[in-house]
2 protein chains.
Amino acid sequence: MECEEFKPNEYKEEMMAVQDTMDVLQGKWKIKVLSSICFYDKRRFSDILNDVYGISNKMLSKELRDLEINQLITRTVLDTHPVTIHYQLTEHGKTLGTIIDNLTEWGKRHRKKIIGE
Amino acid sequence: MECEEFKPNEYKEEMMAVQDTMDVLQGKWKIKVLSSICFYDKRRFSDILNDVYGISNKMLSKELRDLEINQLITRTVLDTHPVTIHYQLTEHGKTLGTIIDNLTEWGKRHRKKIIGE
DNA sequence: CAGTATCCGAGTAGATACTG
DNA sequence: CAGTATCTACTCGGATACTG
């Protein structure tokens with residue numbers, strides 16, 4: 001963002017875009033759920049429940065649904081008994097990689113700034 | 001983030017860093033408030049209230065306090081009658097530029113993906 | 001001008017229990 | 001295994017009114 005050139009009413013689209021991204025990543029769990037699925041390539045409900053420390057099944061269920069609606073993950077039902085469900089990142093989901101890198105980097109600098117000075 | 005190399009328990013620090021950044025940018029207003037201050041360099045309370053469509057004075061007051069605590073903006077009291085207050089971005093606040101660019105770019109692609117296909 | 005105080009509804013999230 | 005249902009507490013954010 002070029003601050004010097006910014007004008008609120010002329011940048012509605014940009015601000016909307018930022019908000020769209022934030023909506024997708026927002027909250028306590030989204031990134032962690034994505035990370036779990038990302039690492040293992042395919043991952044099941046109860047596995048993610050174990051990976052993501054502190055999340056409840058209700059929240060995980062909701063987060064997975066949100067991520068699926070946003071086409072970041074896919075849900076595959078395998079015909080076993082009892083059924084097995086695989087969650088995977090979509091190609092679109094994988095494009096979040098760069099953003100997550102940036103957020104990580106800035107977060108580290110920010111922590112140093114706030115705490116370590 | 002290299003998905004293939006990710007292991008939940010080995011990446012605690014990275015996930016914390018992402019969460020730290022998200023905490024700072026989280027919510028409906030933070031980015032818009034930052035944008036308003038950013039464009040005008042110095043900006044007063046009631047001006048931001050006008051720039052950011054829909055925000056209430058309660059929320060603006062809270063967001064400004066949060067941003068100040070996180071050292072993204074400074075609050076300067078000028079000795080006029082009645083007092084004038086200037087909000088400005090700190091150097092640290094300005095480093096958010098790149099992130100906001102990324103979030104904007106991804107948000108636009110995401111919108112195309114979800115709506116425009 | 002630059003906020004604070006108060007009230008209130010809606011949504012977020014945890015705990016526990018239950019289902020096909 | 002992969003969730004849903006229910007109850008409850010807490011937080012977010014809007015509306016309105018008020019203050020130095």
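Below, read A as the first sequence line, B as the second, and so on, with proteins coming before strands; counting in each chain starts at 1. In this text, all values refer to a predicted model and were calculated from it rather than measured experimentally. For the numbers below, each heavy atom of this structure counts, side chains included, while hydrogens, waters and symmetry mates do not.
Between B:Ser46 and C:dA2, a side-chain N or O to OP1/OP2 separation shorter than 4.0 Å is present. Within the 4.0 Å cut-off from OP1 or OP2 of D:dC1, not a single side-chain nitrogen or oxygen of A:Tyr87 is found. Distances shown here put every side-chain N or O of A:Arg43 at or beyond 4.0 Å from the OP1 or OP2 atom of D:dC1. Checking the phosphate oxygens (OP1, OP2) of D:dG14, a side-chain nitrogen or oxygen of B:Lys28 falls inside 4.0 Å. An OP1 or OP2 oxygen of C:dG3 is reached within less than 4.0 angstrom by no side-chain nitrogen or oxygen of B:Ser61. The phosphate of D:dG13 (OP1 or OP2) has no side-chain N or O of B:Ser56 nearer than 4.0 angstrom.
Using a 4.5 Å cut-off on side-chain heavy atoms (C-beta onward), B:Arg43 and B:His86 make no contact.
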Notebook entry, point to check: Under the side-chain contact (heavy atoms from CB on, under 4.5 Å) criterion, do B:Arg75 and B:Leu64 qualify, and how do the steps go?
Noted result: CA-CA 9 Å; B:Arg75 181 177 183 278; B:Leu64 289 170; over 6 Å; no
Check: Can A:Lys108 and B:Asp20 be said to form a salt bridge (Lys or Arg N to Asp or Glu O under 4.0 Å), step by step?
Finding: CA-CA 8 Å; A:Lys108 285 180 179 176; B:Asp20 287 344; over 6 Å; no
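Atom CG of A:Leu72 and atom CD1 of A:Ile37 lie 9.5 Å apart (nearest 0.5 Å).
For the pair B:Asn57 CG and D:dC18 P, the interatomic distance rounds to 14 Å; values are reported in whole Å. A:Ile55 places its CD1 atom 15 Å from the P atom of D:dA2, with the value rounded to the nearest Å. The distance between atom CG of A:Leu60 and atom C1' of C:dT12, rounded to the nearest whole Å, is 16 Å. Atom-to-atom, CG of A:Leu49 to C1' of D:dA2 comes out at 10 Å; the value is rounded to the nearest Å. Taking atom CD of A:Glu63 as the reference point, atom C1' of C:dG14 lies 13 Å away to the nearest angstrom. For the pair B:Glu68 CD and C:dA2 P, the computed distance is 14 Å after rounding to whole Å. Between B:Asn50 atom CG and C:dC1 atom P there is a gap of 9 Å when expressed in whole angstrom units. A:Asp66 has its CG atom 14 Å from the P atom of C:dG11, to the nearest Å.
Each of A:Arg65 and B:Gly54 has a nearest nucleotide on DNA chain D; the 5'-most of these lies closest to A:Arg65.
Within a 6.0 Å radius of CD in B:Glu105, other residues, nucleotides and ligands contribute 12 heavy atoms or fewer.
At the heavy-atom level, B:Thr84 lies under 4.0 Å from the strands shown only through sugar-phosphate atoms.
Considering only the side chain of A:Phe45, D:dA2 comes nearest among D:dT16, D:dA2, C:dG14. Set against C:dA2, C:dG14, D:dA2, the side chain of B:Arg75 has C:dA2 as its closest nucleotide. Considering only side-chain atoms of B:Met59, the nucleotide from D:dG14, C:dG14, C:dG3 that sits closest is D:dG14. Taking every side-chain heavy atom of B:Ile85 into account, C:dA2 is the closest of D:dG14, C:dA2, C:dT16.
Counting distance only, with no hydrogens placed and no angle test, the side-chain atoms of B:Lys58 and the base atoms of C:dA5 include no donor-acceptor pair under 3.5 Å.
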